[in-house]
Enquirer: 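If you scroll down you'll find the structure; I have some questions about it.
Each chain gets a letter, A, B and so on, in the order its sequence line appears, and its residues count up from 1. The shown structure was predicted, so the numbers you read here are calculated from the model rather than taken from an experiment.
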Protein chains: 2
Amino acid sequence: MEQSVTLLKKHGLKATPQRIAIYDYLLHTEAHPTVDTIYASLHPTHPTMSLATVYKTVESLREAGLIQQLNVGEECFRYDARTSSHPHVQCLHCRRVFDLDPASFADLSDRARAQSSFLITQAQLYFYGLCPECQQVQDASD
Amino acid sequence: MEQSVTLLKKHGLKATPQRIAIYDYLLHTEAHPTVDTIYASLHPTHPTMSLATVYKTVESLREAGLIQQLNVGEECFRYDARTSSHPHVQCLHCRRVFDLDPASFADLSDRARAQSSFLITQAQLYFYGLCPECQQVQDASD
DNA sequence: ATAAATGCAAAACCTTTGCACGCCT
DNA sequence: AGGCGTGCAAAGGTTTTGCATTTAT
């Protein structure tokens, strides 16, 4: 919260209640929420905040480099306050998205470069499957 | 063309001219086109075909497993007749999408599984950067 | 003959935008 | 005080849907 205010200001963004709430929410969740989810989660405590503000705010935060936009392959984007690029894994059953350790996949860009002659600047790695909890549910329901 | 008809029927889809055209187009391009691109490309030869049909058709083809849907991180999906999952690399300058050889990245699912305890079923690997051609353009313009 | 697919138009949906007001610095 | 940010409502664009007609099997 203190942290959010400081970081916002440091990046030239006014620390309005809405921005603080949204950024703070993203800093403290691992759920990789969508715009809709952010809006719904904050609505109880910020009933006057509009969806348009959430859209505008995540865009400002993204421009400032405070959050990153994820594209898990759904129709919409998800947001993550961990801005360094790192691999994600999504459960196809419960739809949750988890982080993976980038160190384990650090060598990939070199492989891609070697194969394509591209100058690789970024990578997005998404894995899909069943999370441990949903594996149990699936087993139980068979 | 023969091939397209056979494959469509084998998957329980009626071989209509529109479907044949769309599937055939996807089979013979490496451009990973969007719905819009497909529509625009086929419009000259199929002037009566509607956008709605393209949307419905790619969805049918995807359900049948004849094509796969890609999400390169843009607002829209791209389509690819290579249905086995394989890594892609996109040029951030010309926006083209190229395939990479899956064999070079085959070991990744194991790493993800080891780290997350997920039952990994799919992966999508996207790399971004500058293609060889655009590297030259960039250099020249500097 | 039958069920499925097409094409049109309308609807639904999500996201963006313009503008007046209010708030942060 | 000044400018940026907000909220509303309207616009914009894309994707989906319903339905009558056509078409493949």
Side-chain angles (χ1 to χ4, degrees), chain A residues 1-2 4-26 33-64 66-67 69-79, chain B residues 1-2 4-26 33-64 66-67 69-79:
Chain A
M1 172 71 207
E2 287 305 306
S4 323
V5 175
T6 310
L7 282 168
L8 286 170
K9 291 187 182 171
K10 190 190 298 181
H11 286 80
L13 297 175
K14 283 189 181 171
T16 66
Q18 294 86 339
R19 278 188 185 157
I20 298 168
I22 292 171
Y23 185 40
D24 208 54
Y25 176 69
L26 287 172
T34 64
V35 164
D36 244 30
T37 311
I38 298 172
Y39 177 70
S41 305
L42 263 33
H43 197 256
T45 48
H46 298 72
T48 69
M49 185 166 63
S50 71
L51 235 196
T53 296
V54 181
Y55 276 106
K56 289 170 181 168
T57 301
V58 292
E59 179 56 16
S60 303
L61 294 174
R62 196 193 57 73
E63 274 180 10
L66 287 169
I67 64 174
Q69 198 180 44
L70 302 192
N71 195 335
V72 199
E74 300 159 315
E75 52 310 312
C76 53
F77 291 110
R78 288 168 177 260
Y79 294 90
Chain B
M1 171 75 208
E2 287 304 306
S4 323
V5 175
T6 311
L7 282 168
L8 286 170
K9 290 188 183 172
K10 190 190 294 180
H11 286 80
L13 298 176
K14 285 188 181 173
T16 66
Q18 294 85 341
R19 276 189 187 157
I20 297 168
I22 292 171
Y23 185 40
D24 209 53
Y25 176 69
L26 287 172
T34 65
V35 165
D36 243 30
T37 310
I38 298 171
Y39 177 71
S41 305
L42 294 176
H43 197 257
T45 48
H46 297 73
T48 69
M49 185 166 63
S50 70
L51 235 195
T53 296
V54 180
Y55 276 106
K56 289 170 182 169
T57 301
V58 292
E59 178 56 18
S60 303
L61 293 174
R62 196 195 55 75
E63 275 180 10
L66 288 170
I67 64 175
Q69 199 179 42
L70 301 193
N71 196 334
V72 198
E74 301 159 313
E75 51 311 313
C76 54
F77 291 109
R78 288 169 178 260
Y79 295 90

Enquirer: Could you state the atom-to-atom distance from CG of A:Leu8 to C1' of C:dT25 in whole Å?
Expert: 14 Å
Enquirer: Could you check how far CG of A:Leu42 sits from C1' of D:dT6, rounded to whole Å?
Expert: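 That distance rounds to 15 Å.
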Enquirer: So which atom in A:His43 and which in A:Met49 form the shortest heavy-atom distance, rounded to 0.1 Å?
Expert: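 Result for this residue pair: CD2-O, 4.3 Å.
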Enquirer: Calculate the interatomic distance between A:Ile20 atom CD1 and C:dC23 atom P; express it in whole Å.
Expert: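 In whole Å, C:dC23 P lies 14 Å from A:Ile20 CD1.
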Enquirer: Would you say A:Thr53 places a side-chain N or O within less than 4.0 Å of OP1 or OP2 belonging to D:dG7?
Expert: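 Affirmative; the distance criterion is met.
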Enquirer: Where each residue is assigned the nucleotide of DNA chain C containing its nearest heavy atom, which of B:Gly12 and A:Pro17 is assigned the position nearer the 5′ end?
Expert: B:Gly12
Enquirer: Check this for me: does the side-chain of A:Lys14 come within 3.5 Å of the base of C:dG22 through a donor and an acceptor?
Expert: no
Enquirer: Is B:Leu13 close to B:Leu66 at the side-chain level, that is, under 4.5 Å between some pair of heavy atoms?
Expert: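 Yes, close enough: below the 4.5 Å cut-off.
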Enquirer: So, OP1 or OP2 of D:dG5: does either fall under 4.0 Å of a side-chain N or O from A:Thr16?
Expert: no
Enquirer: Mind calculating the distance between CD1 (A:Ile38) and C1' (C:dC14) to the nearest angstrom?
Expert: 15 Å
Enquirer: Just the rounded figure in Å: distance from P of D:dT23 to CZ of B:Arg19.
Expert: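 My rounded result for the distance is 15 Å.
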Enquirer: In whole Å, I'd like the distance from the CG atom of B:Leu51 to the P atom of D:dT14.
Expert: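 To the nearest whole Å, that distance equals 9 Å.
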Enquirer: Nearest-Å distance, NE2 (A:His11) to C1' (D:dC4)?
Expert: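 Spelled out: NE2 on A:His11 to C1' on D:dC4 is 18 Å.
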Enquirer: Side chain of B:Lys56, heavy atoms from C-beta onward: which of C:dG7, D:dT25, C:dG18 has the nearest atom to it?
Expert: C:dG7
Enquirer: With a cut-off of less than 4.0 Å, is there a side-chain N or O of A:Lys9 near OP1 or OP2 of C:dT25?
Expert: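 The answer is yes; a side-chain N or O of A:Lys9 sits under 4.0 Å from OP1 or OP2.
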Enquirer: Work out which heavy atom in B:Ser50 is nearest to a heavy atom in B:Tyr39; give both atom names and the distance.
Expert: C-CE1, 3.7 Å
Enquirer: Between B:Val5 and B:Ala52, which is nearer to the 5' end of DNA chain D once each is assigned its nearest nucleotide?
Expert: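 Nearest nucleotide further toward 5': that of B:Ala52.
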Enquirer: Taking only the side-chain nitrogens and oxygens of B:Gln18, find out if one of them lies under 4.0 Å from OP1 or OP2 of C:dG7.
Expert: yes
Enquirer: B:Ile67 versus B:Tyr23: any side-chain heavy-atom pair under 4.5 Å?
Expert: yes
Enquirer: Might you point out which heavy atoms bring A:Leu8 and A:Ala15 nearest each other, and give the distance in Å?
Expert: CD1-CA, 4.2 Å
Enquirer: What's the CD-P distance between A:Glu59 and C:dT16, to the nearest Å?
Expert: 7 Å
Enquirer: With heavy atoms under 4.0 Å as the rule, sort A:Thr48 into base, sugar-phosphate or nothing.
Expert: sugar-phosphate
